[in-house]
Every structure is written in C-alpha cells, then in structure tokens.
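Residue numbers start at 1 and run along the sequence shown. All values derive from a computational prediction rather than experimental measurement.
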Amino acid sequence: MQLMPETLSRARMQDFLREVDSERVARRVVTARRMQRKAERASLRARRALARTVMY
C-alpha cells in the first residue's frame with residue numbers, strides 16, 4: 001500500500017525539478033538577450049564616437 005504514495009511523490013518531485021530547471025534556462029535566455037542588446041548599444045555608441053572623431 002505504501003508504494004503508490006511514494007511513486008506519486010517521486011513523480012511530483014521530478015515534475016517540480018523539471019519545471020525549476022526550465023525556469024532557470026528561461027532566465028538565462030532572457031539575461032543573455034538583455035546582455036546582447038546592451039553590448040549592441042555599446043558597440044553602436046563606440047562606432048558613432050569613432051565616426052565623430054574621424055570627421056573632425
């Protein structure tokens with residue numbers, strides 16, 4: 001009789017761990033995109049600054 005609740009408990013724990021892992025991956029993706037946009041803006045600012053220096 002005890003095996004059924006134990007099996008159910010393990011299944012729930014595995015589901016929970018999968019969900020936590022997928023949330024972690026999603027946060028990494030969001031952070032990576034944010035960092036990429038920040039780097040692109042910095043690159044654009046640097047190019048503009050270089051262009052201004054070359055023009056003068």
Side-chain angles (χ1 to χ4, degrees):
M1 287 300 256
Q2 192 62 24
L3 288 178
M4 194 63 166
E6 187 177 330
T7 305
L8 185 59
S9 177
R10 283 188 181 159
R12 283 183 179 164
M13 184 55 79
Q14 286 175 347
D15 285 347
F16 174 75
L17 291 175
R18 254 186 251 115
E19 188 178 326
V20 166
D21 194 41
S22 67
E23 287 175 6
R24 190 178 300 134
V25 169
R27 271 197 300 270
R28 282 187 190 152
V29 168
V30 168
T31 302
R33 285 182 182 155
R34 190 178 300 135
M35 290 172 69
Q36 183 179 5
R37 285 193 301 266
K38 187 175 181 180
E40 288 170 355
R41 286 193 302 266
S43 172
L44 188 58
R45 280 194 304 271
R47 260 195 255 143
R48 286 179 183 157
L50 182 62
R52 276 194 295 266
T53 344
V54 169
M55 289 174 93
Y56 293 112

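Side-chain N or O atoms of T31 include one that pairs as donor or acceptor with a backbone N or O of R27 at under 3.5 Å.
Distance check: R45 CZ to R41 CZ gives 7.0 Å after rounding to the nearest 0.5 Å. Rounding to the nearest 0.5 Å places CD of E40 at 8.0 Å from OG of S43.
The same ILVMFWY cluster, assembled from side-chain heavy atoms under 4.5 Å apart, contains both V20 and M13.
In this structure, the side chains of R12 and L8 come closer than 4.5 Å at one or more pairs of heavy atoms.
For R18, the salt bridge (Lys or Arg N to Asp or Glu O under 4.0 Å) test picks out D15, with sequence neighbours left out.
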